[in-house]
Amino acid sequence: MPLFEYECLTCHAQFTEIVLPWEKNKVIECPRCHAQDVKKLVSRFSYHQSEQDRLEQIDTRAPRDDSYYRDDRNIGLWAKKRAKELGVDLGPKFEEVVEKARSGKILDEYNK
Ligand SMILES: [Zn+2]
């Protein structure tokens, strides 16, 4: 479920909204005071998820949009999940590559 947390800038109420991918421009209204001036919060839910949880939740058949890749914690997760489904052992070399990708070091190597 694409759940997002928002804070109302008028009354500071915090609430959760379901925003489906095709509703990106949806107007979010505060359920308490009906102001439309709201701020998106980092979801506490996804923030505290372990990598294992995130792996469980990835649907490798679902299309991923740019925002997925903007979260660098997601780099490599999809490949890991897919490999797991296929019963492939990616080995420690893969972990190393993922770590590099997440830290941005992989770009340094390509630019050498
Ligand atoms: Zn409000």
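Keep in mind the model is a prediction, meaning the values are calculated, not measured. First listed ligand is number 1; within each ligand, the first listed atom is number 1.
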SG (Cys11) - the Zn ion (ligand 1) - SG (Cys8) angle, nearest 10°: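 So the angle at the metal works out to 110°.
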
I'd like to check Phe15 versus Val38 (side-chain heavy atoms, cut-off strictly below 4.5 Å). Are they in contact?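 Answer yes - side chains close enough.
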
Is any side-chain heavy atom of Glu5 less than 4.5 Å from a side-chain heavy atom of Lys40?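 Counting from C-beta outward, Glu5 and Lys40 never come under 4.5 Å.
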
Specify whether an N/O/S atom of His34 falls short of 2.8 Å from the Zn ion (ligand 1).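 For His34, the answer is no, given that no N, O or S atom comes within less than 2.8 Å of the Zn ion (ligand 1).
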
Please find out if the Zn ion (ligand 1) and some N, O or S atom of Cys30 are separated by less than 2.8 Å.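 So Cys30 counts as coordinating the Zn ion (ligand 1), yes.
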
Under a 4.5 Å side-chain heavy-atom rule over Ile, Leu, Val, Met, Phe, Trp and Tyr, are Leu20 and Leu3 clustered together?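 Cluster IDs for Leu20 and Leu3 match.
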
Do Ile18 and Trp22 sit in the same hydrophobic cluster, where Ile, Leu, Val, Met, Phe, Trp and Tyr count as joined when their side-chain heavy atoms come under 4.5 Å apart?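 Same cluster: Ile18 reaches Trp22 through Ile, Leu, Val, Met, Phe, Trp or Tyr contacts under 4.5 Å.
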
